[in-house]
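Just so you know, these numbers use all the heavy atoms, side chains as well, and skip hydrogens, waters and symmetry mates.
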Amino acid sequence: MDLSRHLRHFIVVAEELHFGRAAEVLGIAQPPLSQSIQRLERELGAELFDRSRRQIELTMAGRLLVEEARRFLAGEERLRAMMRQAGDGELGTLRIGVPPEIPAVTLHALLRHVAEETPGLRLELHELTIPEQLRRLTSAQLDAGLVHHPVDVPGLRSGPVVEIPLGVVLPRTSPLVLARPRARPGSRPWEIALADLAGHDLVVFPRETSPAWYDRMLDVCRAGGFSPVRLQHARNPEFLLGLVLAGHGVAFEQEAMARREPRLAWRPLAGAPLLRGICVAWPERSAHPAAARFAALAAGILAQDVTAGTPQAAPGTSPPSAARPWSVVYAP
């Protein structure tokens, strides 16, 4: 028996105290309405209306049922609304992986925007390296993760890709910071060309962290005239900055990373040859309803360049008015 439908019929009859008018309100014929009320009475084992008089009246059981029926129907509507919201990704918990190097302002913006747009959705954040995120995504231990693009792991989908131009991180005492770099065609005096880094070591993440990006970065360096004398590997962002500060090489990162250590400087690379793709990935099978929405939101936050400040100017020069904005690329 469709209890909800019969209770809705009962409520209208109880309000109208007339089967004909109630049928008009419900938009059905009177005989099916009468049958619906009779079936409800049989199911509940009680007469709901006194039909012995000219105008029907509620029995004691009927009067008790009115408020209970309204509460029942209201609860059913709340339940349906909750399920709709859950299906739309507006409720529940979304387990998100974030890399250790994510800037604090970016993380804050993501949390704030999710809270504003979907207040019923809770983000459960896990600080994980990219390989750890990919492993947990494929085993369904994470619902989504902020990873490097391309994502060449079977069974994962990815959202819009944000391309972030990287600059060079080096000690503030480096001659490349203290001396005005020579101007190259098409470059600004505060920029550093890859060829200017010749003779330096390079501090970089291990190749297994993101093989495609690792190989591409080294190819771009060699094509630009920079073949690192030696490669120093660092998994942790703080360890990377420490190696650069100790003079063990330069590194390629976004400006917000260098700001963590005041004794380091950041310079944009001439021509922005290194663009690191960032996107949100999630399992293709049994995808969380909020994963795709979060991917689009995260891309929007990253593309706003919320972490970019004014690049540090070399001595004797004026800082640029604005950094090159990040771009969003919609992956196929």
Using side-chain heavy atoms (C-beta onward) and a distance below 4.5 Å, is [X] in contact with [Y]?
X: L241; Y: R260; value: yes
X: R122; Y: L94; value: no
X: V250; Y: L202; value: yes

F205 and Y214 aromatic ring geometry - parallel, tilted or perpendicular at 30°/60° bounds: perpendicular
With sequence neighbours left out, what residues match F10 under ring pair (Phe, Tyr, Trp, His ring centres under 6.0 Å)?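 F10 satisfies ring pair (Phe, Tyr, Trp, His ring centres under 6.0 Å) with F49 once adjacent residues are dropped.
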Check whether V169 and L243 end up in the same hydrophobic cluster, where Ile, Leu, Val, Met, Phe, Trp and Tyr are linked by side-chain heavy atoms less than 4.5 Å apart. yes
Could you list the donor-acceptor pairs under 3.5 angstrom formed between side-chain atoms of residues 286-298 and any protein atom two or more places apart in sequence or on another chain?
{"unit_1": "H288", "atom_1": "ND1", "unit_2": "A290", "atom_2": "N", "d": "2.9"}
{"unit_1": "H288", "atom_1": "NE2", "unit_2": "T93", "atom_2": "O", "d": "3.0"}
{"unit_1": "R293", "atom_1": "NH2", "unit_2": "D88", "atom_2": "O", "d": "3.4"}

Clusters formed by hydrophobic residues whose side-chain heavy atoms approach within less than 4.5 Å: which one holds V229, and what are its other members?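 Hydrophobic cluster check, V229: no partners found.
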Partners passing side chain to side chain donor-acceptor pair (under 3.5 Å) against R136 (at least two apart in sequence or in another chain): none
I'd like to check the side chain to side chain donor-acceptor pair (under 3.5 Å) partners of R263; sequence neighbours left out, ordered by chain and number.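 With neighbours one apart ignored, the set is E261.
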Could you pull out every donor-acceptor pair under 3.5 Å between side chains of residues 68-78 and any protein atom, sequence neighbours left out?
{"unit_1": "E68", "atom_1": "OE2", "unit_2": "R71", "atom_2": "NH2", "d": "2.5"}
{"unit_1": "R70", "atom_1": "NH1", "unit_2": "E67", "atom_2": "OE2", "d": "3.1"}
{"unit_1": "R70", "atom_1": "NH2", "unit_2": "E15", "atom_2": "OE2", "d": "3.1"}
{"unit_1": "E76", "atom_1": "OE1", "unit_2": "S4", "atom_2": "OG", "d": "3.1"}
{"unit_1": "E76", "atom_1": "OE2", "unit_2": "S4", "atom_2": "OG", "d": "2.6"}
{"unit_1": "E76", "atom_1": "OE2", "unit_2": "R80", "atom_2": "NH2", "d": "3.3"}
{"unit_1": "E77", "atom_1": "OE2", "unit_2": "R84", "atom_2": "NH2", "d": "3.3"}

Is there a donor-acceptor pair closer than 3.5 Å between any side-chain N or O of E57 and the backbone N or O of D50? no
Exam field: side chain R95 to backbone A140, donor-acceptor pair closer than 3.5 Å: yes
Does a side-chain N-to-carboxylate-O contact under 4.0 Å join R259 and E253?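 No salt bridge links R259 with E253.
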